[in-house]
Amino acid sequence: MVHTTDFPGNYMGYNDTWNYGRFENNFRIDIVKMEGDTLEFDMVGIDAAIANAFRRILLAEVPTMAVEKVYVYNNTSIIQDEILAHRLGLIPIRVDPRLFEYRSAAEEGEGTEIDTLQFELNVKCTRNPRASKDCSDPNELYLNHKVYTSHMKWLPQGNQSDLFPETDPPRPVHGDILIAQLRPGQEISVIMHCVKGIGKDHAKFSPVATASYRLLPEITLLCPIEGELADRLQRCFSPGVIGVDEVDGKRVARVINARTDTCGREIFRHDDLKDLVRMARVRDYYIFSVESTGILPPDILVSEAIKVLMGKCRRFLDELDTSQMD
């Protein structure tokens with residue numbers, strides 16, 4: 001873990017003095033990979049404090065919609081009402097939170113179309129009349145004995161039907177999340193109210209499954225490594241980090257891609273190799289990995305996190321201006 005410093009000159013060979021021109025020239029964001037709900041990008045030329053602030057904003061300050069209140073009208077399952085409400089609250093809801101307002105804690109009632117989404121869950125388990133007499137498989141014996149998130153139905157409020165197309169209504173991100181199991185005669189009938197919130201208030205509002213970063217590994221071969229040493233050096237690292245080429249009839253090791261290295265310590269177990277390689281990390285090169293819960297695409301989450309950070313900077317500058325006027 002790299003740490004920020006209040007005063008420059010703490011690290012030999014590394015210039016960490018602040019210079020706006022150098023920052024403007026060096027800072028960049030490179031998108032490396034985006035597949036489905038995962039995004040990997042490089043943030044280069046910033047301080048550790050800014051990188052960590054960005055990570056924490058992704059985890060706790062980008063808003064989403066989640067179940068806040070559960071009105072239980074009937075629950076004869078073996079799951080207690082409190083546990084059922086907790087499980088429903090953790091289900092990620094696929095809807096754009098930017099279309100809604102925050103609801104004040106002082107507000108009472110059922111909410112309005114601008115700050116609340118409503119879902120209903122009505123499932124009753126019955127016996128399957130077509131099941132064979134000697135069958136013991138619950139999937140064949142019972143109907144609706146598993147309650148999934150696909151059973152949740154959206155209840156439009158006010159003009160919400162105009163806001164969301166029929167092809168893409170608010171719904172759980174995944175329809176196959178198991179909520180409860182029932183047996184004949186048992187049923188669940190609840191109404192859920194979803195509100196806008198942030199992960200700092202409750203983890204159910206966090207828009208990411210994970211958001212992390214690591215420093216770019218830096219591997220330097222201090223001298224030519226040839227022959228059997230080159231082969232052993234290659235085996236000390238993850239596949240694709242070290243390559244061995246034929247040069248003038250000799251097998252010579254070279255660094256192919258330090259990025260894929262996991263920063264293991266295997267090299268230091270070999271006395272004849274550990275002094276031939278210098279392992280370090282680039283102090284201002286952060287490799288971010290963001291995995292969305294599916295509520296919003298990861299690139300949208302990154303842009304929203306940047307907006308939140310910009311808002312914090314503006315408020316800080318406003319506070320400075322106000323204090324100077326006083």
Side-chain angles (χ1 to χ4, degrees), residues 1-19 21-36 38-55 58 209-291 298-299 302:
M1 175 64 183
V2 67
H3 297 279
T4 185
T5 53
D6 294 328
F7 303 98
N10 288 276
Y11 303 100
M12 183 179 299
Y14 178 73
N15 183 11
D16 53 355
T17 56
W18 168 252
N19 182 279
R22 187 170 63 246
F23 168 77
E24 190 175 25
N25 292 330
N26 295 339
F27 177 74
R28 71 180 193 272
I29 295 178
D30 300 327
I31 305 298
V32 177
K33 179 177 64 176
M34 186 167 68
E35 298 176 353
T38 61
L39 171 66
E40 182 179 327
F41 65 94
D42 298 342
M43 188 176 287
V44 186
I46 59 170
D47 187 76
I50 304 299
N52 195 48
F54 186 73
R55 179 190 66 86
L58 276 170
T210 181
S212 62
Y213 64 78
R214 62 187 178 95
L215 291 172
L216 178 69
E218 185 179 33
I219 302 173
T220 306
L221 304 184
L222 302 179
C223 65
I225 302 177
E226 304 172 348
E228 186 266 342
L229 285 179
D231 293 328
R232 280 201 290 125
L233 177 69
Q234 185 182 42
R235 293 194 295 269
C236 288
F237 292 90
S238 304
V241 176
I242 301 295
V244 178
D245 301 330
E246 288 284 344
V247 180
D248 297 331
K250 298 180 181 178
R251 296 176 58 79
V252 181
R254 67 181 180 90
V255 179
I256 298 178
N257 185 11
R259 181 191 186 91
T260 59
D261 182 43
T262 57
C263 296
R265 311 291 292 177
E266 177 66 21
I267 186 70
F268 297 105
R269 298 178 59 190
H270 302 266
D271 294 334
D272 54 347
L273 287 176
K274 64 181 182 180
D275 294 329
L276 306 181
V277 179
R278 182 175 68 239
M279 298 180 61
R281 300 184 184 184
V282 183
R283 294 189 57 84
D284 63 346
Y285 198 116
Y286 299 88
I287 301 173
F288 272 85
S289 296
V290 179
E291 181 181 349
D299 56 327
V302 170

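All values reported here derive from a predicted model rather than from experimental measurement.
Residues passing the side chain to side chain donor-acceptor pair (under 3.5 Å) test with Asp272 are Arg232, sequence neighbours excluded. Among residues two or more places apart in sequence or in another chain, the side chain to side chain donor-acceptor pair (under 3.5 Å) test is passed with Arg265 by none. With sequence neighbours left out, the side chain to side chain donor-acceptor pair (under 3.5 Å) criterion links Asp245 to Arg254. Glu24 meets the salt bridge (charged side-chain N to carboxylate O under 4.0 Å, His left out) test with no other residue; sequence neighbours excluded. Looking at residues two or more places apart in sequence or on another chain, you find no salt bridge (charged side-chain N to carboxylate O under 4.0 Å, His left out) involving Arg278. Scanning for side chain to side chain donor-acceptor pair (under 3.5 Å) contacts around Asp42 gives Arg259, Tyr285, with sequence neighbours left out. By the salt bridge (charged side-chain N to carboxylate O under 4.0 Å, His left out) test, Asp275 is found to be paired with no residue, residues two or more places apart in sequence or in another chain being considered. Residues that satisfy the salt bridge (charged side-chain N to carboxylate O under 4.0 Å, His left out) test with Asp248, not counting sequence neighbours, are absent from this structure. Phe268 is linked by a ring pair (Phe, Tyr, Trp, His ring centres under 6.0 Å) to nothing, counting only residues two or more places apart in sequence or in another chain.
Note on ring orientation: taking the six-membered ring where Trp is involved, the planes of Phe27 and Phe23 are parallel (angle under 30°, cut-offs 30° and 60°).
Distance alone, capped at 3.5 Å, is enough to place a donor-acceptor pair between the Asn25 side chain and the Gly21 backbone.
A salt bridge links Glu246 and Arg251; the closest N-O separation between the charged side-chain nitrogens and carboxylate oxygens is under 4.0 Å.
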Which atom pairs, donor and acceptor, lie under 3.5 Å between side-chain atoms of residues 234-244 and protein residues at least two apart or in another chain?
unit_1 : atom_1 : unit_2 : atom_2 : d
Gln234 : NE2    : Ile242 : O      : 3.1
Ser238 : OG     : Thr262 : OG1    : 3.4

